[in-house]
K.L.:
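Quick one: the structure is below, questions incoming.
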Amino acid sequence: MIKESEYKKRRETLAKKLSKNSITILFSANNKTRSNDTNYPYRQNSNFYYLTGFKEDNSFLVILKGKKDVKIILFLQHKDEVYELWNGKRLGEEKAKKRFLVDLVLLSKDFKKSIKELSTNIKYIYTDFNEKMPKAKKFLKDNFSVHKDIAPLIGEMRLIKSKSEIKLIQKAIKITKKAHHKAMSINKKNKNEYELLASIEYNFKKNGAYSDAYTSIVACGDSANTLHYISNDKPLVDDELILIDAGCEYEYYASDITRTIPVSGKFSIAQKDLYNMILETQYKIIQMIKPDVLRTDLQKQAEILLTKGLLSLGILKGNFKKLIEGQEHKKYYPHGIGHWMGLDVHDEAPYLDINKKEIALKKGMVLTIEPGIYISKDDMNVPKRFRGIGIRIEDDILVTKKSYKYLSNKIAKTIKEIEDISKNVKSNSNFEEV
Ligand code: GLY
Ligand code: MN
Ligand code: MN
């Protein structure tokens, strides 16, 4: 849980970064239409949530910074019996005044009028350019002249996680662990990818995570070679591997975990060879993590290790130096080694500072480490035994004062750990948590 005092502190920290005589307006997320008159489940905008912890739509956070003082105002929707009958309770003005440590709580229906009254002597307006809100944008354009982007200022704060944020990430990972372990332990014979997906989603929700942090990937065999495979609708084939990239969101905080496991419960020799090479690489990269290291150092080292591994397995051929120069690994390892993670799975936090210099690792950052190798079933340049195999191993790591904390280290990962869990398969095991 994140206390109101922490949200208040965040708003104060942000206010210090703002120009004098400015107004900052942050919008809650819009409801998003799924089709015709049905919506997707509502999910608050992460920047808005980071500064308020408030989950209702049609609300606005305003920070007024004058010459000397700062005033913080939250606009929210009024109580409305009819609306609430259909859509659920709203917090309302009275309770909001008690809960939020802001200077003023006002009603959203008065937003436009109040903003005009509040914004005399204002030179600058900050807002979140990433939100796609045509109406709000038009309103701002019509009423204010000099616009500044607030997102990078919030992004640099979001880069460093507080203790309470880390606890929520840890909780998300704990729930994700249960879902992955269950996926490893159930009998997958004659099942489909979507049945495994259903088990994962069931275990997220059963353990208190209302949503996934991103659309899960459950990809059997060659499907794992499509990086953003989300159709998840093919049969599980007995001697193939399944790449499962699935992480829940717990109280708005993400986890991002990939495990690659055998349908039958046992890895073949070729699968083991490739898997262990990627696993070794992942361990070595994780061990490099500490303050002042650059993500590009991790990336380069991963490319070196994977190129060496691919050479030793006969997947790449030729001279190591030339292969590196030609970036030949890109055919089999085309993505990055990892990314920031937090309120968003790809956290909206900067990779470069204002001088366009890469931001080095620092205590409190959370990132993923996710090497993978993807070999198409049609790749005739590769020994036959490796064709149609896609493997990624992904974990979540916290940077500490001197090194790192391996947040997801309890999720089975070695071949022995995965096969041991798979041994517990009972012929009648169902997809629910036991
Ligand atoms: N699940 C998204 C990613 O691994 O980056
Ligand atoms: Mn990831
Ligand atoms: Mn992932």
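In what follows, residues are counted from 1 in the order of the sequence shown. Source: prediction; values computed, not measured. Atoms within a ligand are numbered from 1 in the order they appear, just like the ligands themselves.
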K.L.:
What is the minimum heavy-atom distance between Asn45 and Phe27, and which atoms define it?
P.N.:
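Minimum heavy-atom separation between Asn45 and Phe27: CB-O, 4.0 Å.
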K.L.:
Glu249 pairs by salt bridge (charged side-chain N to carboxylate O under 4.0 Å, His left out) with which of Lys171, Lys205, Arg43?
P.N.:
Arg43
K.L.:
Test Phe54 against every option in Phe75, Tyr7, Phe100 by the ring pair (Phe, Tyr, Trp, His ring centres under 6.0 Å) rule and name the one that passes.
P.N.:
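By the ring pair (Phe, Tyr, Trp, His ring centres under 6.0 Å) criterion, Phe54 pairs with just one of Phe75, Tyr7, Phe100: Phe100.
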K.L.:
Is the ring centre of Tyr332 less than 6.0 Å from the ring centre of Tyr374?
P.N.:
no
K.L.:
When you measure from the side chain of Glu193 to the backbone of Pro235, do you find a donor-acceptor pair of N or O atoms at a distance under 3.5 Å?
P.N.:
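Judged by distance alone, no pair lies under 3.5 Å.
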K.L.:
Around the Mn ion (ligand 3), list the protein N/O/S atoms within a radius below 2.8 Å, excluding water molecules.
P.N.:
Asp245 OD1, Asp245 OD2, Asp256 OD1, Glu394 OE1
K.L.:
For residues Lys410 and His181, report the shortest heavy-atom separation together with the two atoms involved.
P.N.:
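Of all heavy-atom pairs spanning Lys410 and His181, the closest is O-CE1, 3.5 Å.
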K.L.:
Would you mind reporting whether Ile2 and Tyr253 have side-chain heavy atoms less than 4.5 Å apart?
P.N.:
yes
K.L.:
Write the atom name of the N, O or S atom in His339 that is nearest the Mn ion (ligand 2).
P.N.:
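Going through the N, O and S atoms of His339 one by one, NE2 ends up nearest to the Mn ion (ligand 2).
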K.L.:
Parallel, tilted or perpendicular: which describes the rings of Tyr333 and His335, with under 30° parallel and over 60° perpendicular?
P.N.:
perpendicular
K.L.:
Would Arg387 and Asp222 pass as an ion pair if we require N to O under 4.0 Å?
P.N.:
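Here Arg387 does not pair with Asp222 in a salt bridge, since their nearest N and O are not under 4.0 Å apart.
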K.L.:
Just checking: His346, one of its N/O/S atoms, less than 2.8 Å away from the Mn ion (ligand 2), yes or no?
P.N.:
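No N, O or S atom of His346 is closer than 2.8 Å to the Mn ion (ligand 2), so no.
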K.L.:
Less than 4.0 Å between a side-chain N and a carboxylate O, is that true for Glu328 and Lys322?
P.N.:
no
K.L.:
Non-hydrogen atoms closer than 4.0 Å to ligand 1: which protein residues do they belong to? List them by chain and number, please.
P.N.:
Tyr214, Asp245, Asp256, His339, His346, Glu370, Glu394
